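All remarks here apply to the structure that follows.
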There are 2 protein chains.
Amino acid sequence: MRLIVADCTVNYRGRLDAHLPRAHRLIMIKADGCVAIHSDGGAYKPMNWMTSPNILVEEDDSLRVTNNDDELLEISIHCRISDTNYDFGDEPSLQKDGVEAHLQELLAINPQEIQEGLVLVKKEYYTDIGPVDLLCQDPTGEYVAVEIKRRGEIDGVEQLTRYLEFIGKDPDHSPVRGIFVAQIIKPQAKVLAESRGIAAIEVDYDHLRGLRRPQLSLF
Amino acid sequence: MRLIVADCTVNYRGRLDAHLPRAHRLIMIKADGCVAIHSDGGAYKPMNWMTSPNILVEEDDSLRVTNNDDELLEISIHCRISDTNYDFGDEPSLQKDGVEAHLQELLAINPQEIQEGLVLVKKEYYTDIGPVDLLCQDPTGEYVAVEIKRRGEIDGVEQLTRYLEFIGKDPDHSPVRGIFVAQIIKPQAKVLAESRGIAAIEVDYDHLRGLRRPQLSLF
DNA sequence: AGGTGTATGTCGCAT
DNA sequence: ATGCGACGTACACCT
C-alpha cells in the first residue's frame with residue numbers, strides 16, 4: 001500500500017463529473033491498483049476514487065488513472081508532503097456472521113417458527129424475476145412465499161408482491177400467499193403488506209438461534 | 001488525519017459480528033473521529049470502520065471505538081509500524097455535476113423536452129409516501145407524475161407506481177398518468193413501465209444542458 | 001427522531 | 001455480461 005500525502009487538485013470524469021479544489025489530502029494506492037483520495041473529514045469513504053482494474057500513469061506532478069469505461073481520475077500534485085510504501089503481506093479472509101443469510105438458514109430449518117404447520121419446499125427458489133427466500137406449503141397444501149429481511153421496509157413488500165404476482169401465474173404453485181418476515185417491521189411496511197393480503201410477522205433472532213434443530217412436535 | 005500502520009487483529013460487534021485475523025493493515029482516523037481499517041487489496045472501501053460520532057479509547061496496544069448504538073470496534077495492535085499525524089486544514093467543498101438533481105432541474109425548466117405540451121405544476125411534490133420528482137399537467141389538463149432517474153431500473157418504476165396509486169386517490173390531482181424519465185432505461189424497466197401504462201422516455205443530458213431556457217415555441 | 005430517496009453506491013451470486 | 005438483491009449500506013433532506 002502506497003500512501004501519498006499531498007497538496008493536490010483532483011478531477012473525475014465518468015459517471016458524473018467531479019472537481020476537488022486544491023487542498024491537502026491523502027492519496028491511497030492499494031496493491032490491486034485501486035486509487036482513493038481521502039480528505040480529513042466528512043466520512044469514512046473517499047471523496048474520489050477509481051476502482052481496479054485501471055491504468056495508472058504517474059509523472060512528477062500528476063497521477064492519471066483511467067479504466068476501460070472511459071472514466072478518468074486526474075490528480076495534480078502541487079506539493080508532495082510524504083510518499084511512503086508498505087508491504088502488508090497476505091490478508092487473511094474477513095469473517096462475518098449474523099446477517100440475513102443466517103436468519104434465512106434458521107427459518108429454513110424451523111419454518112414452523114414463521115407460522116404453525118409450514119413445511120419448506122425450497123430455499124432460494126429461483127424465478128425469472130429473482131429468488132424467493134423460502135417457498136413453503138401450509139397444512140392445506142397451499143403454497144406460501146416467504147420474504148425474509150433483517151429490517152422490514154416497504155421495498156421488501158414490493159419485492160414479495162412481485163414474486164407473488166409471478167408465482168400466482170404458475171399453475172404448479174398456484175394458489176400462493178405471502179408472508180413477510182423480519183426482526184423488525186416498520187409500520188408503513190406492515191400497513192402496505194396487510195393491504196395486499198400479505199402477513200407481516202416479526203421473529204426473534206436470538207430465540208431462533210437457540211433452536212438448533214426443528215422443534216419436536218408434541219403431537 | 002492520523003495514519004497508523006500496524007500488525008493488528010480486529011473485531012466488530014454490532015449490526016453483525018465480524019472478525020479480522022491478525023495481519024498488517026492501515027488504520028485511518030479522521031478529524032471528525034471516524035475510524036477505518038484498510039487492507040491492501042480488494043477494494044477502495046475499508047474492511048471495517050466506525051462512523052462518527054463515536055468514542056475512542058486508546059491504550060498502548062489497542063483502540064476501542066464505541067458508539068451510542070452499542071456497536072463496538074476493537075483493534076488489538078500487536079506491533080506498530082508507523083503512526084503519523086497530518087493537519088490538512090480546510091477542505092474546500094466537492095463539486096459534482098451530472099447527478100439526478102441536475103437532470104431534475106433541467107427538466108423542471110424544460111418539461112416540454114419530456115413530452116410536447118407538458119407544463120410544470122410543482123417540482124419535488126411531497127406526498128405522504130415520498131416526493132414526486134415533477135408534477136406536471138398536459139394540454140388536456142390531466143396531471144402527469146414524472147419520476148426521473150439517472151439510470152432507469154425496475155425499482156424506479158415501482159416508486160412511480162406507488163406515487164400514481166397515491167395521487168390517483170387525491171381528487172384534486174386525479175386523473176393522473178406517469179412518465180418514467182432517465183438517461184438510459186433498462187429493457188426490463190421499460191417493459192414493466194409500459195405494462196402499467198407508464199411511458200418510459202430517455203433523455204440526453206448533454207442536449208438538456210445546452211438548453212439554458214425554455215425553447216421558444218414555433219407556433 | 002423517523003421516513004424516503006440517492007449513490008461514481010459496492011459487492012456477490014445466479015442465469 | 002447482465003440481472004437482481006443485500007449491505008454494518010452511508011448520506012442528505014424533508015416532515
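Lettering of chains follows the sequences in order, A, B, ..., and the numbering in each one begins at 1. Worth saying up front: this structure is predicted, and the values here are computed from it rather than measured.
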Not counting sequence neighbours, which residues clear side-chain contact (heavy atoms from CB on, under 4.5 Å) with [X]? List them please.
{"X": "Glu105(A)", "answer": "His102(A), Lys123(A)"}
{"X": "His19(B)", "answer": "Gln95(A), Thr9(B), Asn11(B), Pro21(B)"}
{"X": "Asp172(A)", "answer": "Asp170(A)"}

**Request:** Just grab all the ring-ring contact (aromatic ring centres under 6.0 Å, His included) pairs involving residues 167-186 of chain A, residues at least two apart or on different chains.
**Result:** Tyr125(A)-His173(A), Tyr143(A)-His173(A)

**Prompt:** By a strict heavy-atom criterion of less than 4.0 Å, which residues belonging to residues 14-23 of chain A are in contact with DNA chain C?
**Reply:** Arg15(A), Leu16(A)

**Item:** Any residue of residues 47-56 of chain A with a heavy atom less than 4.0 Å from an atom of DNA chain C
**Value:** Met47(A), Asn48(A), Trp49(A)

**Request:** Classify the nucleic acid contact of Tyr44(B) as base, sugar-phosphate or nothing, counting any heavy atom under 4.0 Å across all strands shown.
**Result:** sugar-phosphate

**Asked** In residues 25-37 of chain B, which ones come under 4.0 Å of DNA chain D, going by heavy atoms?
**Response** none

**Request:** Mind listing the residues from residues 127-134 of chain A sitting with a heavy atom below 4.0 Å of DNA chain D? Number order is fine.
**Result:** Ile129(A), Pro131(A)

**Prompt:** According to the salt bridge (Lys or Arg N to Asp or Glu O under 4.0 Å) rule, which pairs have a member within residues 25-51 of chain B, sequence neighbours left out?
**Reply:** Glu91(A)-Arg25(B)

Write down the protein N/O and nucleotide N/O pairs, taken from nucleotides 12-15 of chain C, whose separation is under 3.5 Å; answer none if there are no such pairs.
none

**Asked** Given dT6(C), is OP1 or OP2 found less than 4.0 Å from the side-chain N or O atoms of Gln159(B)?
**Response** yes

**Request:** Please check the phosphate of dC11(D) (OP1 and OP2 only) for any side-chain N or O of Lys45(A) closer than 4.0 Å.
**Result:** no

**Item:** Contacts of type side-chain hydrogen bond (donor to acceptor under 3.5 Å, both in side chains), residue Asn48(B), not counting sequence neighbours
**Value:** none

**Message:** For His78(B) together with His24(B), are the ring centres under 6.0 Å from each other?
**Reply:** no

**Message:** Could you check whether Glu147(A) and Tyr163(A), counting side-chain N and O atoms only, form a donor-acceptor pair closer than 3.5 Å?
**Reply:** no

Would you give me the side-chain donor-acceptor pairs under 3.5 Å for residues 186-196 of chain A, sequence neighbours excluded?
unit_1, atom_1, unit_2, atom_2, d
Ser195(A), OG, Leu192(A), O, 2.8
Arg196(A), NH1, Glu158(A), OE1, 3.1
Arg196(A), NH1, Thr161(A), OG1, 3.0

